[in-house]
Amino acid sequence: MTKIAQTPRAGRVLAAIALSMAVAGPFHGARLEAQARDYRPERPFGTLREQARTQQAWLAERLEKNLPMLMRKHGVDMWVLAMREYNEDPVFRALVSPTTFAARRRTIYIFHDRGPEHGVERLALGGSSQGGVYEAVRATATAPDGRAAELWGEDQWNLFADMVRERDPRRIAINISHDHNFADGLSAGEWEQMEAALGPDLAGRVVREPLLAIDYLAMRVPAMTPVYRRMQAVVHEIIGTAFSEVVIVPGQTTTADVVWWMRQRVHDLGLDSWFQPSVSVQRRGVDMGGVTEPVIERGDVLHCDFGLVAFGLATDTQHMAYVLREGETEAPDGLRWALANSNRLQDILLEETKVGRTGNEILASVLEKMRAEGLDGTMYTHPIGDHGHGAGPLIGLWDYQTGVPGRGDPPVIPGMWFSTELQVTTPVPEWDGQPVRMAQEEEAEVTLDGEIRWMLRRQTELHLIR
């Protein structure tokens with residue numbers, strides 16, 4: 001059974017939470033050590049129906065504004081995505097309505113740029129109009145009940161080829177890539193049938209432009225940002241409560257108890273998870289590497305990795321906490337300094353992340369500055385958005401600090417988001433020089449003007465558990 005604090009102090013904290021929520025609502029800000037805020041029972045983002053309206057508006061804007069700009073940027077006249085049910089292209093989620101969960105039998109999307117005056121034509125050969133953002137093409141055959149049948153088999157491919165031939169594009173982009181998972185959604189079976197249907201002339205115009213798929217997924221629309229900022233507030237609130245005496249009783253509560261409290265909280269708020277949260281412990285004089293689900297003790301340093309999903313968007317956040325010993329009111333100076341070192345690496349990352357620079361270029365410059373300042377850290381920042389580990393340039397991997405060929409080569413573009421994941425390890429005098437790892441992860445946005453800034457805020461103080 002999960003061991004949640006039931007002390008008199010916890011009762012007072014819960015009462016204070018209820019009062020603060022009544023006065024300030026669920027996004028009231030405060031010092032990190034005082035962010036143990038529980039939630040009202042209402043859904044923080046409204047009903048699924050209300051969320052779907054917002055997502056549909058985002059979809060229309062991405063297709064009407066972002067897509068034409070990116071097709072012209074990459075010199076593509078036509079972009080074709082073909083997929084079958086339950087074997088969808090990674091871009092699929094960003095092309096369809098929130099009420100669509102899978103491709104319909106076979107779905108072929110054709111995007112044809114007719115120029116700035118007429119815009120990009122959007123055709124769906126299979127499936128629906130996705131709320132009116134596509135022209136849905138049906139078969140000429142009639143079903144037994146008199147309705148137009150759905151496209152199927154060779155007839156669908158023949159119609160596809162006729163439509164491509166009629167539009168006569170010079171460069172036809174498809175999603176095949178050796179390096180980029182987000183631009184490699186065309187299966188071998190679909191490509192073989194597509195190539196045969198197109199014939200030698202049209203197939204000879206097919207090109208691989210992986211940055212088209214990557215940039216489309218990476219680039220946000222402005223209306224997403226305030227919603228995502230509110231999502232970050234919910235994340236901070238959940239972590240703040242999990243890393244407090246509301247949830248943790250030193251000497252009783254295990255890390256697994258905290259993990260499942262966080263996971264359950266997400267579910268109870270009507271939100272989703274994209275990975276199982278984690279909570280780990282560093283303890284003075286003890287190697288915790290082989291210890292699973294330890295009981296949390298006073299004097300421990302805690303770390304969590306936590307994310308949620310709402311509006312089809314993922315978050316990814318890591319925070320640090322300290323369990324106060326009896327008589328302590330603050331963490332030891334050495335631990336606070338260790339967190340400040342991690343903050344400094346965050347500063348360096350934001351200083352070096354600029355539009356047009358590749359992830360590998362940013363990694364090299366960040367590590368050079370980091371070492372020059374005597375910091376012992378690693379950098380493994382990734383884009384985020386439609387996917388937790390999103391499309392765009394990787395800035396290192398935790399186990400590859402010399403660059404990431406392929407995945408680290410795309411440039412930073414305006415309008416994308418990063419999950420700034422990193423760590424710095426610092427010897428702590430109060431722990432007899434024992435190295436303590438401060439791993440942090442916080443979302444940042446690259447604005448349309450090219451500025452990079454925190455989506456909400458970063459952690460600059462340890463969460464304190466009394």
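In this chain, numbering begins with 1 at the start of the sequence shown.
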Open item on the list: Are the side chains of Met288 and Pro294 in contact, using a 4.5 Å heavy-atom criterion?
Closed with: yes
Task: Heavy-atom pair with the smallest gap, counting every atom of Thr241 and Val247 - done: O-CG2, 3.4 Å
Task: Set of residues satisfying ring pair (Phe, Tyr, Trp, His ring centres under 6.0 Å) with respect to Phe182, sequence neighbours excluded - done: His387
Task: Test item: Val323 and Glu297 side chains (from C-beta on) under 4.5 Å apart, heavy atoms - done: no
TODO: Report yes or no: does Gln318 contribute a side-chain atom to a donor-acceptor pair with the main-chain N or O of Glu421 at less than 3.5 Å?
DONE: no
Open item on the list: For the backbone of Ser97 and the side chain of Gln130, can you confirm whether one donor and one acceptor N or O come within less than 3.5 Å of each other?
Closed with: yes
Open item on the list: Measuring from atom CE of Met379 to atom CG of Leu349, what distance do you get when rounded to the nearest 0.5 angstrom?
Closed with: 4.5 Å
Task: Spacing of CG belonging to Asp409 relative to OG1 belonging to Thr358, to within rounding of 0.5 Å - done: 6.0 Å
Open item on the list: With ring-ring contact (aromatic ring centres under 6.0 Å, His included) as the rule and sequence neighbours excluded, what pairs involving residues 354-385 come up?
Closed with: His382-His389
TODO: Taking atom types as modelled, find out whether Arg458 and Gln346 have a side-chain donor-acceptor pair closer than 3.5 angstrom.
DONE: yes
Task: Distance-minimising heavy-atom pair for Ala213 and Val91 - done: CB-CG2, 3.9 Å
Open item on the list: So does Thr47 get a backbone contact from the side chain of Glu50, meaning a donor-acceptor N/O pair under 3.5 Å?
Closed with: yes
Task: Minimum heavy-atom distance Gly185-Asp89, with the two atoms named - done: CA-OD2, 3.3 Å
Task: Expected output: side-chain Arg230 to main-chain Pro44 donor-acceptor under 3.5 Å - done: yes
TODO: Ignoring hydrogens and angles, tell me if any N or O in the side chain of Ser342 forms a donor-acceptor pair with the backbone of Leu339 under 3.5 Å.
DONE: no
Task: Side-chain ion pair, Arg229 and Glu445, N-O less than 4.0 Å - done: yes
Open item on the list: Taking side-chain hydrogen bond (donor to acceptor under 3.5 Å, both in side chains) as the criterion, tell me which of Gln232, His236, Arg457 meets it with Glu442.
Closed with: His236
TODO: Under the side-chain hydrogen bond (donor to acceptor under 3.5 Å, both in side chains) rule, collect the residues that match up with Glu192, sequence neighbours excluded.
DONE: none
Task: Side chain Asp77, main chain Arg170, donor-acceptor under 3.5 Å - done: yes
- [ ] Verify the distance criterion only: is there a donor paired with an acceptor across the side chains of Ser419 and Glu443 at less than 3.5 Å?
- [x] yes
- [ ] State whether the side chain of Arg72 and the backbone N or O of Gly115 hold a donor-acceptor pair below 3.5 Å, judged by distance alone.
- [x] yes
Task: Glu373 and Asn341: side chain donor to acceptor below 3.5 Å - done: no
Task: Identified side-chain contact (heavy atoms from CB on, under 4.5 Å) partner of Met416 from the options Val355, Thr447, Val446 - done: Val446
TODO: Just jot down the side-chain hydrogen bond (donor to acceptor under 3.5 Å, both in side chains) partners of Ser177, sequence neighbours excluded, or say none.
DONE: none
Task: Pairing of Arg171 and Glu209 as salt bridge, 4.0 angstrom limit - done: yes
Open item on the list: What's the separation between atom CG in Asp316 and atom CD in Glu441, rounded to the nearest 0.5 Å?
Closed with: 3.5 Å
Task: Cation over ring face, Arg62 and Tyr216, 6.0 Å, 45° - done: yes
- [ ] Check whether any side-chain N or O of Gln434 sits under 3.5 Å from a backbone N or O of Gly285 as a donor-acceptor pair, and report yes or no.
- [x] yes
- [ ] Can you establish whether the number of heavy atoms outside Trp337 located under 6.0 Å from its atom CH2 is more than 12?
- [x] no
Open item on the list: Heavy-atom count check: over 12 atoms from other residues, nucleotides or ligands less than 6.0 Å from Glu430 CD?
Closed with: yes
Open item on the list: Return the CD to CD distance between Glu190 and Glu195, rounded to the nearest 0.5 Å.
Closed with: 13.0 Å
TODO: Could you tell me whether a side-chain N or O of Arg122 sits under 3.5 Å from a main-chain N or O of Val133, the two making a donor and an acceptor?
DONE: yes
Open item on the list: So that I can tick it off, tell me whether Arg283 and Asp300 are bridged by a salt bridge, with the cut-off set at under 4.0 angstrom between side-chain N and carboxylate O.
Closed with: yes
TODO: Could you pull out the closest heavy-atom pair between Leu271 and Val309, with the gap in Å?
DONE: CB-O, 3.8 Å
TODO: Just grab all the salt bridge (charged side-chain N to carboxylate O under 4.0 Å, His left out) pairs involving residues 350-361, residues at least two apart or on different chains.
DONE: Arg344-Glu351, Glu351-Lys369, Glu352-Arg357, Glu352-Lys369
TODO: Enumerate the residue pairs fulfilling ring-ring contact (aromatic ring centres under 6.0 Å, His included) with a member in residues 395-439, sequence neighbours excluded, ordered by first and then second residue.
DONE: Tyr228-Trp417
Task: NZ on Lys73 to CG on Asp215, rounded to 0.5 Å - done: 4.0 Å
Open item on the list: Check whether Arg205 reaches the backbone of Pro169 with its side chain - one donor and one acceptor, N or O, closer than 3.5 Å.
Closed with: yes
Open item on the list: For a quick check under 3.5 Å, do Asn175 and Trp79 share a side-chain donor-acceptor pair by atom type?
Closed with: yes
Open item on the list: Does the plane of the ring in Phe311 sit parallel, tilted or perpendicular to the ring in Phe45? Use 30° and 60° as the thresholds.
Closed with: perpendicular
Task: Distance in Å, Leu186 CG paired with Ile176 CD1, rounded so as to fall on 0.5 Å steps - done: 4.5 Å
